Amino acid sequence: MNKSVMTTLERLNLTVEEIVADYRLVYRSRQVSLIGRQEALAGKAGFGIFGDGKEVPQVALAKVFHKGDFRSGYYRDQTLMFALDVCTIEAFFAQLYANTDLKAEPASGGRQMNAHFASRSLDENGGWRDLTNMYNTAADMSCTGAQMPRIAGLAYASKLYRQLETLQAYPQFSNQGNEVTFGTIGNATCAEGVFWETVNAIGVLKVPVVLSIWDDGYGISVPNEFQITKQDIYAILQGFRRENGGEAGFDLYQVKGWDYLALVEVYQQAAALARQEHVPAIIHVTELTQPQGHSSSGSHERYKSQERLAWEAAHDCLPRMRAWLVETGLADEEQLAVIEAEEQAQVRAIQRRAWEAATAPLRQEAAEAGQLIQALADSAGRQAQLQDLGRQIVEEKSPNRKQIMVAVQDALLATIDEESPARQALIAWQQEQLTRNRRRFGSHLYSESPQAALRVPAVAPVYSPNSASIPGHEVLNACFDAMLAREPHFIAFGQDLGRLGGVNLGFAGLQEKYGPLRVADTGIRETTIIGQAIGAAMRGLRPLAEIQYLDYLLYCLQIMSDDVASLHYRTRGGQKAPVIVRTRGHRQVGIWHAGSPLAGIINLLRGMHVLVPRNMVQAAGFYNTLLLSDDPALVIETLNAYRRKERLPDNLAEFTVPLGVPELLRPGDDITLVTYGACCPIALEAAERLSRLAIELEVIDVQTLLPFDTDGRILESLKKTGRIIFMDEDVPGGATAYMMQQVIEGQGGYYWLDSEPCTLTAQAHRPAYGVDGDYFSKPNVQDVMALAYELMNEADPAHYPPFS
Ligand SMILES: Cc1ncc(C[n+]2csc(CCOP(=O)(O)OP(=O)(O)O)c2C)c(N)n1
């Protein structure tokens, strides 16, 4: 063996066996890609995406990935996942075939496309496993760049676990903050804003991240020329470089993706500094290729030139590593040929096993359905038609559940006028399968653990003659103080939250009391404020992330929707991020301080709870509930309640407000008015005035939009009144339409209506500035009165003659 190679191996602490084993893995991973693509193109998978051309840097990365570390990456990382055994090859194929057996496909139970990796942080009961004893991978998403924001938080957790004395008592989450977060991203995705926002946040937070950019020159068909200024991400990242071993900034590395030894060296250096000194690093891995093109959706010959294709063939990291092994004498042709033959055979055998495992249960279900349909044919009039249906489903080579359910329904429709035990048996089987499939594809949208928010016991507030009346912001301040005091994992951050204590002073004085790590300021970076919370929560912390105003939630709605809200669902209960997002809105003035885009929010955030407390005592009760629960939630405080005085409950730290339970604010017999948040005082004032006109409004505060009135209390009110108005400050057809659907359709309110159900909303435009702008943009007391009166006039014109 070449002497200089030997010296390098010694320096890097590498053995020849290890290198050959790495080559074996690189080759194996390539086989997975080749066979996987064939399987997808043969129609055995809906879609296939693979990590070919990116194998060698990933075996180098795997060497420095320790237990307790986290990966937040994307669909090209199969080799890293195989190296760490986070994903076995059998599990990779199971995911390709959408196998819904969680044991076979532990990342998502068949819910995610292939190459969407996830380790299981939670046990079967939703409790945390020892994260320091496993290789962790935050669950992948298909949206490019979505893996970035949470990197800031995953790494931030290491900083807190290292620096906060009180957290040393929780060793299942961290070994003194020694964990590194490894991010991966494609070159083209570096054109997205979320990349830059995250890089900046990591630099500001000074947290241990090693971020790899896999640069293969393209984003599907679009070359770097159209993606990145100067076509060179490394050049434009230079401003982030740490100067002369200083404190601020990143260490930047550039290395060729086929150069095994150089890669090992770079990863060793970067990971050691990140681990020991929390210095972040960016590694630009260049000259990577994509031998099979982007995915199974098309071929890259359509958009890459002959020259480029020839260049890729010459730089493909697999043959280059092979040639290097032979040239340096680390391995010989014969030895490599044996390895390759073994791997070809093994991967093929594993693929076949995975296909059998994925399809056998479906054939079994098809056989059961076929037999039941056959039995129905024997007892029914339309024998030939049913026999055909039964035979077709049984003979289907790789049936899916959709085909089975279609056949069962067709059989039931064909025998609609018959009554027989065979038909009853088929109906029973259909119902059982529907229940199973709903769970198979629908479970874990919310926590199902003993800490689920809906399981937190309600504890009523206690008042005594001594209970003080204080402004709303002081109520919250006392609440947050108590939360910080009793729960060491609870941390809070946001714009102006630290030194100032928040724009409405909810955290005033708490940074001084609990220190700048537990109550922290952040930059103006809504997406990565949420990312910081997601990552921290995935590592056992309990972050409250503040978004200064509701109107700015749109900046981070994407990541809340794609990551937080879907996390528990897309891992089928394997991961959770119990983030509390706090914001405030509704009742200030102007287009961007008084909006209420609730329908957008609740429709995008299924998987989170959305709470809309009308005052700060209710808000405090919700925060107490959330801290006891492991569900993520958004709390929207109402802007005009900070200065209003409220009585402080004596049991401020213990009382809880249950989710999904509306509160009756004022009883009445004539019309039910359903509302929430800042509309509550408006509804109450209108009710007071209407009472003088002999119209009694029953005012109900729903309090939480997600979940919505879980016990059907609004229906009980509607049964009494027969008339209902849904009111809020969203646009027409917004969250009022949702509330109407929940009550009229969901609770069966339709059957109790004496008048048409109404909505009272803001105008379709944004709220105009000023008192009058607000008055004519939002529903006001006079609007409520006019609508309520109109309903009564229609019902009883003699008693309620038209007044205008
Ligand atoms: C937000 C978003 N936009 C577009 C896509 C479609 N898409 C999937 S992969 C991809 C290209 C990504 O290129 P790059 O980041 O260089 O990674 P590579 O696939 O080359 O490894 C695109 C445009 C997506 N998944 N998500």
Side-chain angles (χ1 to χ4, degrees), residues 29-30 33 36-37 40 46-58 61 71-81 112-117 139-151 182-199 211-229 231-234 236-237 257-258 282-304 308-309 311-312 315-317 527 531 554-563 566 570 604:
S29 184
R30 182 62 62 90
S33 301
R37 182 174 165 87
F47 176 74
I49 193 151
F50 305 97
D52 46 305
K54 319 266 185 314
E55 295 94 341
V56 173
Q58 293 182 30
L61 195 170
R71 161 194 171 272
S72 181
Y74 77 119
Y75 49 79
R76 295 288 178 217
D77 294 345
Q78 68 188 49
T79 311
L80 174 65
M81 297 292 85
Q112 288 242 59
M113 287 175 156
N114 87 303
H116 285 55
F117 306 102
D140 288 8
M141 289 161 276
S142 298
C143 10
T144 53
Q147 73 275 26
M148 291 299 294
R150 67 186 177 200
I151 292 176
F182 290 91
T184 68
I185 189 166
N187 53 291
T189 304
C190 297
E192 287 187 332
V194 73
F195 168 80
W196 295 98
E197 187 178 315
T198 307
V199 168
L211 177 64
S212 301
I213 301 170
W214 307 143
D215 193 343
D216 58 17
Y218 284 80
I220 309 188
S221 66
V222 182
N224 274 344
E225 181 191 352
F226 299 108
Q227 305 277 7
I228 303 289
T229 305
Q231 307 186 39
D232 185 352
I233 186 69
Y234 191 65
I236 56 172
L237 279 169
W258 44 262
I282 298 176
I283 302 178
H284 181 213
V285 183
T286 62
E287 300 200 4
L288 287 170
T289 67
Q290 217 168 67
Q292 300 191 113
H294 175 76
S295 71
S296 63
S297 298
S299 67
H300 58 159
E301 287 81 6
R302 287 173 303 163
Y303 48 79
K304 284 181 187 161
R308 171 73 196 183
L309 290 168
W311 182 91
E312 289 203 12
H315 289 81
D316 181 340
C317 61
T527 301
L554 269 62
Y555 274 65
C556 51
L557 201 53
Q558 176 268 327
I559 204 66
M560 287 170 68
S561 180
D562 286 327
D563 202 353
S566 81
R570 72 179 190 268
L604 289 166

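Read the numbers this way: they start at 1 and go in the same order the structure lists the ligands and their atoms. Note that the coordinates shown come from a computational prediction; the quantities given were computed from them, not determined experimentally.
- Under the 3.5 Å distance criterion, with hydrogens and angles disregarded, a donor-acceptor pair is assigned to the side chains of Thr144 and Glu192.
- Distance alone, capped at 3.5 Å, is enough to place a donor-acceptor pair between the Glu312 side chain and the Gln290 backbone.
- Note on ligand 1: Gln290 sits in its first shell, one or more heavy atoms being nearer than 4.0 Å.
- Nearest protein heavy-atom neighbour of atom 20 (O) of ligand 1: Asp216 OD2, 3.1 Å.
- For atom 15 (O) of ligand 1, the closest non-hydrogen atom of the protein is Thr189 OG1, 2.5 Å.
- Among protein heavy atoms, the minimum distance from atom 21 (O) of ligand 1 is reached at Tyr74 OH, 2.7 Å.
- Listed for the Asp215 side chain is no donor-acceptor partner under 3.5 Å among the backbone atoms of Asn187.
- Counting heavy atoms from C-beta on, the side chains of Val194 and Gln147 never come closer than 4.5 Å.
- Ring geometry, His315 versus Trp311: the interplanar angle falls under 30°, so the pair is classed parallel (tilted spans 30 to 60°).
- At least one heavy atom of Tyr218 sits closer than 4.0 Å to an atom of ligand 1.
- Backbone and side-chain nitrogen or oxygen atoms of Thr144 are examined, and one is located within less than 3.5 angstrom of a nitrogen or oxygen of ligand 1.
- The aromatic rings of Tyr303 and Tyr218 sit tilted, their planes meeting at an angle between 30° and 60°.
- Counting heavy atoms closer than 4.0 Å to ligand 1, residue Ile185 contributes nothing at all.
- In summary, the atoms of ligand 1 found under 4.0 Å from a heavy atom of His294, numbered by their order in the structure, are 9 (S), 10 (C), 19 (O).
- The protein heavy atom nearest to atom 13 (O) of ligand 1 is Gly219 CA, 3.3 Å.
- The distance from ligand 1 to the heavy atoms of Gly186 drops below 4.0 Å at these ligand atoms: 14 (P), 15 (O), 16 (O), 17 (O).
- The proximity of Ser142 to ligand 1, defined as any non-hydrogen pair under 4.0 Å, is limited to the backbone.
- Put simply, atom 6 (C) of ligand 1 has no protein non-hydrogen atoms near it, under 4.0 Å away.
- Looking only at protein heavy atoms, the nearest one to atom 22 (C) of ligand 1 is Ile220 CD1, 3.6 Å.
- Listed for the Trp196 side chain is a donor-acceptor partner under 3.5 Å among the backbone atoms of Cys190.
- Of the charged side-chain nitrogens involved, at least one lies within less than 4.0 Å of a carboxylate oxygen, so that Arg570 and Asp563 count as a salt-bridged pair.
- Side-chain contact check for Ser212 and Gln58: no donor-acceptor pair (N or O, by modelled atom type) lies under 3.5 Å.
- In terms of protein heavy-atom proximity, atom 19 (O) of ligand 1 is closest to Tyr75 OH, 2.7 Å.
- Considering backbone and side-chain N/O atoms, Glu192 never comes within less than 3.5 Å of an N/O atom of ligand 1.
- For a threshold of 3.5 Å applied to N or O pairs, the pair formed by Ala188 and ligand 1 contains at least one separation below that value.
- When atom types are taken as modelled, the side chain of Arg37 and the backbone of Ser295 share a donor-acceptor pair closer than 3.5 angstrom.
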